[in-house]
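Predicted, not measured: the structure shown is a model, and the values here were computed from it.
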Amino acid sequence: MQSNVKAKRMKEVKIKDSKLKAAAQEGMDAFIKVFTDAIYETIGGELNADTMQELNADQITLLAYVILRDSVMDGGFVELIHNGYGPFIFRNPFDKAMRNWGLHDLYKIINKCHKFFNIYQEQLEKDCTQEEFDALYEQFPEFDDFDDAFVENEEQFTTMVAGYVDDHIENFCTIVNE
């Protein structure tokens with residue numbers, strides 16, 4: 001039986017060895033950024049349902065972690081959900097991936113926060129003015145403890161993510177010599 005649906009092929013993410021070594025010297029944030037930049041470049045700069053099919057689970061998980069980290073560090077889980085990333089984080093096995101990567105504390109934060117996402121998603125995702133958005137933080141204090149726990153542990157989480165990537169580079173990219 002032949003299928004009319006063409007399977008998307010995984011795209012090969014390539015990173016120059018010299019670029020990777022330089023980033024590793026700069027620190028964990030630069031190290032992770034080399035991978036995320038290369039992944040985004042490979043998929044045309046946008047993560048969506050189509051381009052996700054061109055990536056493997058580890059590559060998607062790494063992008064999800066950076067989206068989560070950047071959003072929560074900037075404006076907390078309220079901002080993450082308001083900007084439409086709630087389903088990406090909470091309706092996918094991202095929490096389990098974090099647990100599998102060794103980030104048990106982050107797994108717990110996401111897992112507990114998921115309950116409030118389910119309750120308040122619709123209200124948090126509504127279009128609103130900046131003033132209305134700012135008021136969301138007071139309306140939904142349930143997220144404060146999760147924000148605090150993430151911010152307090154972000155450096156450790158990012159170090160652990162960088163360690164996982166370093167230990168499993170072949171899952172993220174092909175290293176090429178100039």
Side-chain angles (χ1 to χ4, degrees), residues 9-48 51-81 83 85-115 117 143-178:
R9 288 189 34 182
M10 300 286 255
K11 290 196 173 177
E12 184 178 20
V13 176
K14 296 179 182 181
I15 299 176
K16 290 182 181 179
D17 186 46
S18 61
K19 195 172 191 175
L20 187 58
K21 286 178 180 171
Q25 294 295 316
E26 290 181 47
M28 63 189 166
D29 291 328
F31 180 75
I32 290 173
K33 188 171 182 341
V34 165
F35 288 91
T36 57
D37 286 354
I39 293 167
Y40 277 119
E41 183 179 324
T42 301
I43 60 171
E46 184 180 350
L47 184 65
N48 58 43
T51 59
M52 282 181 20
Q53 295 175 36
E54 300 170 347
L55 301 173
N56 67 39
D58 275 345
Q59 292 165 330
I60 295 167
T61 299
L62 180 61
L63 295 180
Y65 173 75
V66 171
I67 289 167
L68 172 79
R69 181 195 66 193
D70 293 351
S71 294
V72 173
M73 294 301 288
D74 187 51
F77 281 96
V78 166
E79 180 175 304
L80 174 88
I81 296 165
N83 288 339
Y85 290 115
F88 184 49
I89 298 300
F90 297 111
R91 296 242 160 82
N92 286 301
F94 176 71
D95 59 342
K96 290 168 187 62
M98 290 292 93
R99 184 181 61 201
N100 293 340
W101 285 18
L103 286 88
H104 299 281
D105 290 341
L106 181 54
Y107 164 81
K108 290 175 189 173
I109 291 169
I110 295 166
N111 201 282
K112 290 176 183 176
C113 190
H114 189 162
K115 175 178 111 177
F117 166 73
F143 294 99
D144 291 350
D145 290 341
F146 304 118
D147 294 344
D148 293 345
F150 186 88
V151 170
E152 289 169 12
N153 293 290
E154 181 273 331
E155 191 171 324
Q156 176 189 351
F157 294 154
T158 300
T159 298
M160 293 174 78
V161 167
Y164 182 88
V165 172
D166 193 33
D167 291 343
H168 302 89
I169 286 179
E170 68 281 355
N171 295 354
F172 297 92
C173 73
T174 301
I175 307 295
V176 294
N177 294 315
E178 279 71 8

With the side chain counted from C-beta on, respond yes when Y164 and N100 share a heavy-atom pair under 4.5 Å apart, and no when they do not.
no
So, taking the atom named CG in D145 and the one named NZ in K112, what distance separates them when rounded to the nearest 0.5 Å?
10.0 Å
F172 and H168: aromatic ring centres closer than 6.0 Å?
no
Residues in ring-ring contact (aromatic ring centres under 6.0 Å, His included) contact with F157, at least two apart in sequence or another chain
F150
Who pairs with D167 by salt bridge (charged side-chain N to carboxylate O under 4.0 Å, His left out), at least two apart in sequence or on another chain?
none
Heavy-atom distance under 4.5 Å between the side chains of F35 and L20, does that happen here?
yes
Indicate the atoms forming the closest heavy-atom contact of V34 with A23, along with that distance.
CG2-CB, 3.1 Å
Is any side-chain heavy atom of R69 closer than 4.5 Å to one of D29?
yes
Spacing of Q53 atom CD and I43 atom CD1 [to the nearest 0.5 Å]
11.5 Å
Separation between CE (M160) and CG (L106), nearest 0.5 Å, reads 9.0 Å
Audit row: F88, L47, side chain to side chain contact (heavy atoms under 4.5 Å, CB included) steps and yes/no
CA-CA 11 Å; F88 184 49; L47 184 65; 3.6 Å; yes
Only one of D58, T36, L68, T51 passes side chain to side chain contact (heavy atoms under 4.5 Å, CB included) with L63; say which it is.
T36
Taking side chain as C-beta onward, heavy atoms only, is F117 less than 4.5 Å from P87?
yes
Look at the side chain of N111 and the backbone N and O of D95, then say whether any donor-acceptor pair between them is shorter than 3.5 Å.
no
NZ of K16 to CG of N177: how many Å apart, nearest 0.5 Å?
11.0 Å
Keeping the roles fixed (side chain from N153, backbone from A149), state whether a donor-acceptor pair exists under 3.5 Å.
yes
Rounded at 0.5 Å granularity, tell me how far OH in Y107 sits from NZ in K96.
5.5 Å
Report the residue from V13, I15, L55, D37 that forms a side chain to side chain contact (heavy atoms under 4.5 Å, CB included) with T42.
V13
Are F143 and I81 close enough that some pair of their side-chain heavy atoms sits under 4.5 Å apart?
yes
Could you check whether F94 and F90 have their ring centres less than 6.0 Å apart?
no
